[in-house]
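For this chain, numbers begin at 1 and follow the sequence in order.
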Amino acid sequence: MSIVTLQSVKKDFGIKELLKDANFSLDTNDKVGLIGTNGSGKSTLLKMIAGLESIDSGQILVNSGAKIVYLPQQPDIDENHTVLEQVFADSGEQMHLVKEYEELSDKLAHYPDDSQLMSRLSSVMQRMDATGAWEVETNAKIILTKLGIADFDVKVGTLSGGYRKRIALAAALISEPDLLLMDEPTNHLDALSVEWLQSYLNRYRGALLLITHDRYFLDRVTNKIIEIDRGDIYTYTGNYSYYLEKKALAEESAISTQRKHQGILRRELEWLKKGPKARSTKQKARIERAHALRDTEFKQLNGKVDISTIGRRIGKKVIELKNVSKAYNGRTLIKDFTYQFSPEDRIGIIGGNGAGKSTLMDIITARVKPDSGIVEIGTTIHIGYFNQHSEELLTAVNEDQRVIDYIKEEGEFIEISDGTKITASQMLERFLFPGNQQYAPIHKLSGGEKRRLFLLRILISAPNVLILDEPTNDLDVQTLAVLEDYLEDFNGCVIVVSHDRYFLDRTVDTIFALEAGGSLRQYPGNYSIYLDYKKSEEAQPQETPKAVIVEKVTSPVIETKKRRRLSNWERREFAELEGKIAKLEAEKTALEKKLATMAGNYSEVQKLYEQVETLKKNIDVATERWLELAEMES
């Protein structure tokens, strides 16, 4: 049954036509991922369905009685509410009953013999039974706990923006609507919370329409993808992996069609040049067909960001931290951190919210001074720092400034990777800012477009050290895919702070995990390999050594009893194991993707499955060996 249907919906913001003729419907079992480049109209479409944004023409039909809940990126929250009050803010009688029950219970704790209080409490409990308020309260507390919120009585106004978003997410989930509209629900969530939300939405009985940059999340939650591409709507029945496969085939088909069209057009134009006399009906028809072919327009397959900025020479000394410590309000975030970053480093820094990840980045970039320790930066180093907070990126930007003028501050001409120079306008076009947008003020851009503009400004400054603090927030999946490819070939050091599992898997080969007390532990490999280490540690807590603590520049130290030192052969094996594990993981991932596309050929599926299982065993063996050697290294 259809919950929402769009018929010939159009939306134009003047400098950009967002929707030309949108037609699609959302059914009760749909779990839909909405994708498209920043500024393509994804958030606007959600607002239109929620009734918060007008349409220029067409109609949006909503099934009578259907409950629709919209979770925006920046939810509207009453700062005077407690956490539980905010979660129940739209729950009417249930909220009132839960609040009354909590107040009466608190009073009875002080006056247990008050019969009048006991009578009122009994009445409230009966009404809670009748309205189902018990289940709603229990469910709300479970959801809040899973999202990392344990204090239900704290005022919302005292919490950070990230925690406010989690509270709004909890409120949306407990309302159990027929259609849940979610704009970047994984922003500000740590990896464990994202995993839990992913599992929750897989069991969710209502329909979903969500925008997210988290491609693992998108792949595992959705059963349909809707893409907005320069005003047009394309629907793919399947998850994100299916979409990628079909999108590639569609682009190949489009290229083939254009080539055939160009071949026919070339022959017809040659015929016209010979000056055929239009004396017969057949010749007149052919002339008309030639003109029609000439006037046919194809949508260019260039709706993707093109990153091709030039690099800068990097010396041997990059950034060195010696015994760096930092605390705030008596809480230690970084403790005695020593590490020397190399030009080849691809490091991902992870940890819970508030663990100190951004603080560490600010120390590295000299925005914050450590309480103790030394930070040394090489003389050839030029740092490009992509901050996670758009509001901070805007502090030095006049939002009335035109987009092109903001980029021209780096230069009228920009040298790209092949050594040629292009204009600032041409570079903006490569970053999907068409001519009319280039002369618009920055405040006219969407949040995601501003982030993309700031990223461009950083990249054209030719950094040789890139520090990316939550780069996936508000960037579309297409831009992220191109950024990942760019980082693979980037000639310099890359340091990434991110909760995005997919992005970390694509871009880093070492994980630093920030833990309680300010310690950093080093794990070889990407995020998925890190998870394997953690599972191994949890499975064998007595036998598995703790991960490497980053304390020394030249050789990591293991927290364990003194053991014999590694032989030269074992040290060589230890160094090679990191690359071997990463290679095995890559082979396993490739086979799993291939296995997911196989159907109908049982023998081939069985063969691939056996290969995957063999690789898993080999990875386990290599991982155990690495941990064994790491324990002996000192």
Side-chain angles (χ1 to χ4, degrees), residues 1-7 9 22-34 42-55 58-78 81 83-99 127-144 146-147 156 164-186 196-212 221-224 226:
M1 181 179 69
S2 176
I3 299 174
V4 172
T5 301
L6 275 69
Q7 295 180 348
V9 172
N23 294 277
F24 68 86
S25 63
L26 298 172
D27 296 333
T28 52
N29 296 320
D30 281 344
K31 302 286 193 296
V32 183
L34 183 61
K42 302 187 297 295
S43 295
T44 300
L45 179 55
L46 257 61
K47 291 176 184 176
M48 290 192 293
I49 295 174
L52 302 175
E53 181 75 47
S54 64
I55 61 177
Q59 55 183 342
I60 299 178
L61 305 175
V62 180
N63 189 12
S64 61
K67 182 180 180 181
I68 298 177
V69 169
Y70 168 57
L71 177 68
Q73 288 194 47
Q74 303 296 333
D76 185 19
I77 284 181
D78 188 337
H81 276 165
V83 169
L84 210 55
E85 286 172 344
Q86 183 61 46
V87 169
F88 283 108
D90 296 323
S91 299
E93 185 183 5
Q94 289 177 329
M95 163 61 190
H96 176 75
L97 289 172
V98 169
K99 188 174 181 180
R127 286 157 59 198
M128 288 180 73
D129 282 332
T131 60
W134 290 110
E135 291 80 5
V136 174
E137 182 192 22
T138 301
N139 194 30
K141 290 181 176 179
I142 291 172
I143 290 173
L144 285 167
K146 292 293 186 181
L147 292 175
V156 174
R164 295 183 190 193
K165 178 68 177 284
R166 292 174 184 222
I167 293 166
L169 174 58
L173 294 177
I174 69 163
S175 64
E176 297 188 341
D178 299 293
L179 173 60
L180 183 54
L181 307 172
M182 310 175 81
D183 196 345
E184 295 289 0
T186 62
W196 174 83
L197 179 60
Q198 180 179 290
S199 176
Y200 185 94
L201 293 179
N202 280 331
R203 302 189 307 270
Y204 183 68
R205 288 176 292 181
L208 294 173
L209 178 60
L210 61 91
I211 302 168
T212 181
V221 171
T222 63
N223 57 24
K224 183 183 290 186
I226 292 177

Within this structure, what is the [atom1]-[atom2] distance for the pair [X] and [Y], rounded to the nearest 0.5 Å?
X	Y	atom1	atom2	result
Thr212	Gln198	OG1	CD	10.0 Å
Leu97	Met128	CG	CE	6.5 Å
Leu201	Arg203	CG	CZ	9.0 Å
Ile167	Leu147	CD1	CG	10.0 Å
Leu208	Leu34	CG	CG	12.5 Å

Which side-chain N or O atoms in residues 43-50 pair as donor and acceptor under 3.5 Å with protein atoms at least two apart or in another chain?
unit_1, atom_1, unit_2, atom_2, d
Ser43, OG, Asp183, OD2, 2.6

Taking only residues two or more places apart in sequence, or in another chain, which ones meet [X] in a side-chain hydrogen bond (donor to acceptor under 3.5 Å, both in side chains)?
X	answer
Ser25	none
Thr28	none
Gln74	none
Arg205	none

Closest non-hydrogen atom pair between [X] and [Y], with its separation:
X	Y	answer
Lys165	Pro75	CD-CD, 3.9 Å
Leu169	Pro185	CD2-O, 4.1 Å
Thr222	Val32	CG2-C, 3.9 Å
Ser2	Asp27	CA-OD1, 3.2 Å
Ile174	Ala140	CG2-CA, 3.8 Å

*Partners meeting side-chain contact (heavy atoms from CB on, under 4.5 Å) with Ala207 (sequence neighbours left out)*: Ile3, Leu179

*Those residues that, when tested against Asp76, pass side-chain contact (heavy atoms from CB on, under 4.5 Å) (two or more places apart)*: none

_A side-chain contact here means heavy atoms from C-beta on lying under 4.5 Å apart; do Leu173 and Leu180 qualify?_
yes

*Considering only heavy atoms from C-beta outward, does the side chain of Leu209 approach that of Met182 to under 4.5 Å?*
no

What residues, two or more places apart in sequence or in another chain, satisfy salt bridge (charged side-chain N to carboxylate O under 4.0 Å, His left out) together with [X]?
X	value
Asp30	Lys224
Lys141	Glu102, Glu137
Glu176	none

*Is the number of heavy atoms from other residues, nucleotides or ligands within 6.0 Å of CG (Asp78) greater than 12?*
yes

Output side-chain donor-acceptor pairs under 3.5 Å for residues 60-70, partner residues at least two apart or in another chain, one line each.
unit_1, atom_1, unit_2, atom_2, d
Lys67, NZ, Ser175, O, 3.1

*Quick one: ring-ring contact (aromatic ring centres under 6.0 Å, His included) partners of Tyr200, sequence neighbours excluded?*
Trp196

